[in-house]
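Accompanying notes for the structure given below.
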Amino acid sequence: MQVDVREVTVEYGGRQVLAGASFAFVSGRSFAVVGPSGSGKSTLLGVIAGVLEPDAGSVTATTEHSLEWLVQSTPLLSRRTVLDNVEMSAMVRANHAADVRRRSLRAMKTVGIDHLKRRLAFSLSGGEKQRVAIARAITGNVDLLLADEPTASLDESNRDQVGSALQSAALSGAIVIVATHDEVLASRCDTVVTLKSGKLEARE
């Protein structure tokens, strides 16, 4: 699969956040979108997710696809367990329950939250909730995974686990696009894409 961003322009209050941005994102690879605060990274993810309508340009995919978009405060079911939350996305897609349970437990171990599987979501810290959301996305086996600052609330050890999990999703065939200020996380991605003056450019 390929997702093509073609000449996308988004304007807020007379300022062009995205100014004819173009890039081709391909399956089986991870992409880190980097740039200063306010450069349009979150806006780009919103346009790719189909939540925001560009003022000009288009986003097209070569095939129909499943998508998971992790925002910085991805909501959880607060009165359900961590395991329930991780399984939720895959179960909605009518996957086999036993397979979902196996993949959920594996994803939780990958991001270091397997010991929390019986905890209720409301009792988790911000960083723990972030890792639950990432485990849920990985369990869903989506074709396109968008993550907005996924390591913002994490320490170095947990950041590395999340980086490994996102790379694992790409190796499984997904397109993984991460908006981040974290240069260490960015360096673990296959391609670093700089967003500057509203344009996208692969970093050499």
Starting from the C-alpha separation in whole Å, work towards a yes-or-no answer on side chain to side chain contact (heavy atoms under 4.5 Å, CB included) for R118 and L83. CA-CA 7 Å; R118 299 300 177 195; L83 181 57; 3.9 Å; yes

Knowing that exactly one of V132, T81, L105, N85 qualifies, which makes a side-chain contact (heavy atoms from CB on, under 4.5 Å) with K117? L105

Hey, is the main chain of S164 close enough, under 3.5 Å, to the side chain of S168 for a donor-acceptor pair? no

Any donor-acceptor pair under 3.5 Å from S27 side chain to M1 backbone: yes

Is there a path from V26 to L67 through hydrophobic residues (I, L, V, M, F, W, Y) whose side chains come within less than 4.5 Å of each other? yes

The single option from L18, V8, L195, T194 passing side-chain contact (heavy atoms from CB on, under 4.5 Å) against L200: L195

Whether R136 side chain and M88 backbone form a donor-acceptor pair below 3.5 Å: no

Output yes when a side-chain donor or acceptor of Q130 lies under 3.5 Å from a complementary backbone atom of E149, and no otherwise. yes

Crowded around R102 CZ? As in, over 12 foreign heavy atoms under 6.0 Å? yes

Please check if the side chain of S125 supplies one atom and the backbone of E128 the other of a donor-acceptor pair under 3.5 Å. yes

Do V86 and I138 make a side-chain contact, defined as non-hydrogen atoms from C-beta onward lying under 4.5 Å apart? no

Between the side chain of T180 and the main-chain N/O of D182, is any donor-acceptor distance below 3.5 Å? yes

Is it the case that the side chain of S30 and the backbone of D190 share a donor-acceptor pair, with hydrogens and angles ignored and the cut-off at 3.5 Å? yes

Here the pair of heavy atoms bringing L144 nearest to I177 is CD1-CD1, 4.1 Å

Mark yes or no for whether S22, through its side chain, and E7, through its backbone, hold a donor-acceptor pair below 3.5 Å. yes

Do L77 and D84 have side chains that get closer than 4.5 Å, going by heavy atoms? no

Measure from the side-chain N and O atoms of R6 to the backbone N and O of T60, and report whether any donor-acceptor pair falls under 3.5 Å. no

Under 3.5 Å, side chain of K196 to main-chain N/O of G35, donor-acceptor pair present? no

